[in-house]
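Scope of the values below: all heavy atoms of this structure, side chains included, with no hydrogens, waters or symmetry mates.
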Amino acid sequence: DYDNFTLTNSVFTENMSRYGGAVAFNGGGGRTHTLLNNTMMFNIATASGGALSGNAADTVNLQNNILANNFGSNSAVYNNCSSGTYNSLDYNISNSTSCGTTNTNDINIASIAPVALGSNLSPLPIIQLNASSTGVDSGAGGCPATDVRNQTRDGQCDIGAFEYLGDSPTGLTYNTE
């Protein structure tokens, strides 16, 4: 089905495809998709945006997402999004402006270094923010009540799918400078 959709609290990491390493919006175009509190990191697409690729007539609204360290179109630099119109609703973290993340409360930084956990309260790999991350307590209001692990978001929500709750992270640290 190619209807409008909303994607919330999802993690896409270490995927590879031809179009949109994390998500490809295909179909006739003219649809509106909304992405809220997702984390898309370390994805690769060989012919388009490393995280997202859409139909040129589609509109993708983004709020409270982490879109970082994705490679697209055989690029040596980060290319998170391609094709379609990307509208930032603010409070996104990215290391590329290819997703239109240029609003006042968007955070565009060259180095994003989360901690990857294999099981922190979840059987799925999670990309967790570090305690000192600019994404902690930096999200817009109207966040989902829980994060990807079904843990309650506290106070002002964090950007991305994972809510930092003061956990003692163990696992791999990605240094993405």
Side-chain angles (χ1 to χ4, degrees), residues 1-114 116 124-129 133-135 138-140 142-144 148 158-162 174-177:
D1 189 0
Y2 297 114
D3 289 336
N4 305 331
F5 69 86
T6 299
L7 181 65
T8 304
N9 274 346
S10 297
V11 176
F12 296 88
T13 184
E14 298 178 5
N15 297 294
M16 184 175 183
S17 72
R18 185 164 184 205
Y19 300 102
V23 177
F25 309 102
N26 295 318
R31 292 167 183 85
T32 300
H33 311 297
T34 303
L35 279 66
L36 303 169
N37 288 89
N38 298 289
T39 300
M40 299 179 187
M41 296 185 72
F42 310 112
N43 298 292
I44 299 170
T46 59
S48 66
L52 302 172
S53 178
N55 183 297
D58 283 350
T59 299
V60 181
N61 297 315
L62 302 165
Q63 184 174 34
N64 292 344
N65 296 286
I66 298 173
L67 300 150
N69 303 344
N70 299 290
F71 291 91
S73 301
N74 297 317
S75 177
V77 298
Y78 301 124
N79 178 14
N80 295 309
C81 299
S82 70
S83 300
T85 300
Y86 294 90
N87 294 320
S88 172
L89 303 178
D90 246 344
Y91 301 94
N92 298 288
I93 296 176
S94 182
N95 57 347
S96 159
T97 58
S98 62
C99 299
T101 53
T102 57
N103 286 346
T104 302
N105 295 304
D106 286 325
I107 302 168
N108 287 291
I109 53 179
S111 176
I112 298 173
L124 304 171
I126 302 293
I127 303 290
Q128 175 182 312
L129 297 172
S133 171
T134 56
S138 297
C143 295
V148 67
D158 296 347
I159 296 174
F162 183 92
Y174 288 105
N175 293 314
T176 57
E177 298 181 42

**Request:** Indicate yes or no: at least one non-hydrogen side-chain atom of Cys143 is less than 4.5 angstrom from one of Asn64.
**Result:** yes
**Asked** Would you say the side-chain atoms of Asn87 pair up with the backbone N or O of Asn61, donor to acceptor, closer than 3.5 Å?
**Response** no
**Asked** Tell me, do Phe12 and Asn70 make a side-chain contact under 4.5 Å, heavy atoms counted?
**Response** no
**Asked** How long is the gap from CG on Leu36 to CG on Leu62, to the nearest 0.5 Å?
**Response** 9.0 Å
**Item:** Contact check, side chains of Val148 and Thr39, non-hydrogen atoms, under 4.5 Å
**Value:** no
**Item:** Closest non-hydrogen atom pair, Ser96 against Thr101
**Value:** O-OG1, 3.4 Å
**Fill in**
In short, Ser48 meets Gly20 closest at the heavy-atom pair OG-N, 2.9 Å
**Request:** Answer whether the closest heavy-atom distance between the side chains of Leu7 and His33 falls below 4.5 Å.
**Result:** no
**Prompt:** After noting the C-alpha distance and the side-chain angles of Asn92 and Cys99, does the key distance pass the side-chain contact (heavy atoms from CB on, under 4.5 Å) rule?
**Reply:** CA-CA 10 Å; Asn92 298 288; Cys99 299; over 6 Å; no
**Prompt:** Can Ser88 and Asp106 be counted as having a side-chain donor-acceptor contact under 3.5 angstrom?
**Reply:** yes
**Asked** What closest approach, in Å, do Asn43 and Ala22 show between heavy atoms, and which atom pair accounts for it?
**Response** ND2-CB, 3.9 Å
**Prompt:** So among Val23, Thr13, Asn15, which one has a side chain to side chain contact (heavy atoms under 4.5 Å, CB included) with Met40?
**Reply:** Val23
**Asked** Closest approach of Ile159 and Asn65, non-hydrogen atoms and distance?
**Response** CG2-O, 3.5 Å
**Request:** Give, for atom OG1 of Thr97 and atom CG of Asn108, the distance between the pair rounded to the nearest 0.5 Å.
**Result:** 6.5 Å
**Request:** Compare every heavy atom of Asn38 with every heavy atom of Ser10, then report the nearest pair and how far apart it is.
**Result:** N-OD1, 2.8 Å
**Message:** Quick check: do Asn80 and Asn95 have side-chain heavy atoms less than 4.5 Å from each other?
**Reply:** yes
**Straight-line distance of Phe5 CZ to Thr32 OG1, nearest 0.5 Å** = 11.0 Å
**Prompt:** Are the side chain of Ser94 and the backbone N or O of Leu67 linked by a donor-acceptor pair below 3.5 Å?
**Reply:** yes
**Complete:** Shortest non-hydrogen pair, Ser138 vs Tyr91, comes out as O-CD2, 2.9 Å
**Request:** May I ask you to decide if Ala45's main-chain N or O and Ser17's side chain share a donor-acceptor pair within less than 3.5 Å?
**Result:** no
**Prompt:** Are Thr34 and Gln63 close enough, and set up right, to give a side-chain contact (heavy atoms from CB on, under 4.5 Å), and what steps lead you there?
**Reply:** CA-CA 8 Å; Thr34 303; Gln63 184 174 34; over 6 Å; no
**Message:** With rounding to the nearest 0.5 angstrom, report the CD1 to CG distance, Ile93 to Asn105.
**Reply:** 12.0 Å
